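Encoded as structure tokens, the structure appears first; notes follow it.
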Amino acid sequence: MVEVDAVLAPGGGRPRRWRGPRRGAQAMDALSAGRRIAADLRGGITGSGAGSAARGLRRLLDADAVAIGGLHGELTWAGRPADLTAAAQLADSALRGDARATGGGAVALPVHARDELAGVLVVVGPVPPSAVREAALWVGEALERALLEQSAHVARQAELRALRAEISPHFVYNSLTTIASFVRSDPERSRDLMLDFAEYTRHSLARHGEYTTIAGEFRAIEAYLALARAVLGDRLRVQVRIAPEILPVALPYLVLQPLVENAVRHGVELPGSSGLVQVSGEADGTDCVIIVEDDGPGMDPEYAAAVLAGCGTPGSLGLVNADRRLRTVFGAGYGLVIETAVGEGTRVLLRLPRFQPGVVVS
């Protein structure tokens, strides 16, 4: 029984009734249980958390027994029905007919995710049909969220693979040609450049975890710049100033390297051009600020905004990918800022926290 107090309405009319704290506590308990069940189902309806999800549903429904199962009829039980075989047949009937099935004090309901049959929920005991329906919908929505999370992870990995595959064939050809030209005249330099080329391609193409350190990213950047200087000669001038205290900071792979490559490609590498590329990094309170700038031709600020919005040319994938991944990992307050104007060069500012829970270099 929920306790209520009578409160006189204005003008002495019919008393209003308000719900006491017990009802609110019960609602919060149900919401908390729902969150735990959703977390248990992140691995799917037959995943490692299925048993915990079934136990949570049994407590929530106050049922004698609850089972959840996938499309192949395997059931994970919390509690045990009087007739296990009959309950399994009931689940199979619900799956085959994609409809509610009842019998022997039990009910089986199909579970749908993204409008597709995803599994089955079996409830044994005197539980109201409306509560069973809500539980089946709850499970389906939890599975939908799990699928969305998995899709987002797959999309992030696909973006990273696409970014790693974006090595310019033109740059690779010029690098190898330059290395070959030194084989006879300066074999020691040829060897050093080949090692730089190996480091550059290893970092860009090899399989890694999600995160590296600023120091690790700069090893690949230094290898790239050594190759670029060998190819471009005196046309390319480089200045790098990085504060030592930010070198251990973790960040997603291939976030800094594309910024430097973009500065060289669009600021210096264009036919007939030459210029200076500057890279600087320092701590700013609890954040890091890294700046990559060139004195090249620059671009229209509206086009720069379009690039970060994902509407630039195919060659701008590195910038938009870096910005999205930084904001996804660290939040909307981080990412890239592009400062540019036609004829004024380009300055890309990257901000990230010095520490972020869960961002660990593997």
Side-chain angles (χ1 to χ4, degrees), residues 1-4 17 19-153:
M1 180 73 67
V2 177
E3 296 177 359
V4 298
R17 298 172 71 85
R19 292 174 180 175
R22 190 180 303 170
R23 179 74 61 85
Q26 289 172 344
M28 292 304 298
D29 288 344
L31 288 173
S32 178
R35 283 196 299 270
R36 289 194 296 270
I37 292 166
D40 290 332
L41 291 172
R42 281 177 181 164
I45 201 165
T46 59
S48 59
S52 179
R55 289 190 293 273
L57 286 166
R58 183 189 181 194
R59 287 192 297 270
L60 195 63
L61 296 170
D62 194 21
D64 296 337
V66 166
I68 54 176
L71 296 177
H72 301 293
E74 65 280 18
L75 295 175
T76 301
W77 282 97
R80 189 174 182 87
D83 191 337
L84 192 61
T85 300
Q89 290 174 346
L90 206 64
D92 184 61
S93 177
L95 284 172
R96 283 189 287 105
D98 193 10
R100 181 173 180 267
T102 60
V107 59
L109 282 182
V111 173
H112 295 90
R114 292 183 175 179
D115 297 323
E116 295 181 357
L117 184 63
V120 65
L121 170 69
V122 183
V123 178
V124 181
V127 179
S130 59
V132 178
R133 286 195 300 271
E134 284 298 320
L137 291 172
W138 209 337
V139 172
E141 290 171 359
L143 293 176
E144 285 188 4
R145 287 194 293 272
L147 289 171
L148 286 173
E149 289 178 2
Q150 292 170 8
S151 297
H153 176 73

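Predicted model, so just to flag it, every value in this text is computed and none were measured.
Considering Leu137, Leu143, Asp98 in turn, Asp98 is the only one that fulfils the side-chain contact (heavy atoms from CB on, under 4.5 Å) rule with His112.
Closest of all the heavy-atom pairs between Ala142 and Leu41 is CB-CD1, 3.8 Å. Scanning all heavy atoms of the two residues, the minimum distance from Gly140 to Ala113 falls at O-CB, 3.9 Å. Closest approach of Ala88 and Leu75 over heavy atoms only: CA-CD1, 4.0 Å. Looking at every heavy atom in both residues, Ala63 comes nearest to Val66 through CB-CG2, 3.9 Å. Considering every non-hydrogen atom in both Leu71 and Ala118, the closest pair reads CD2-C, 3.7 Å. Of all heavy-atom pairs spanning Asp64 and Gly125, the tightest one is OD2-CA, 3.4 Å.
Arg58 contributes atom CZ, which lies 10.5 Å from atom CZ of Arg55 (distance to the nearest 0.5 angstrom). The line from CD of Gln89 to CG of Asp83 is 7.5 Å long, rounded to the nearest 0.5 Å.
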**OP:** Test Ile68 against Val111 for side chain to side chain contact (heavy atoms under 4.5 Å, CB included), laying out the working first.
**Re:** CA-CA 9 Å; Ile68 54 176; Val111 173; over 6 Å; no
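Although no hydrogens or angles enter the test, the distance criterion places no donor-acceptor pair under 3.5 Å between the side chain of Arg100 and the main chain of Leu109.
Side-chain contact between Trp77 and Val124 is present, with at least one heavy-atom pair separated by less than 4.5 Å. Counting only heavy atoms from C-beta outward, the side chains of Leu61 and Val123 approach each other to under 4.5 Å.
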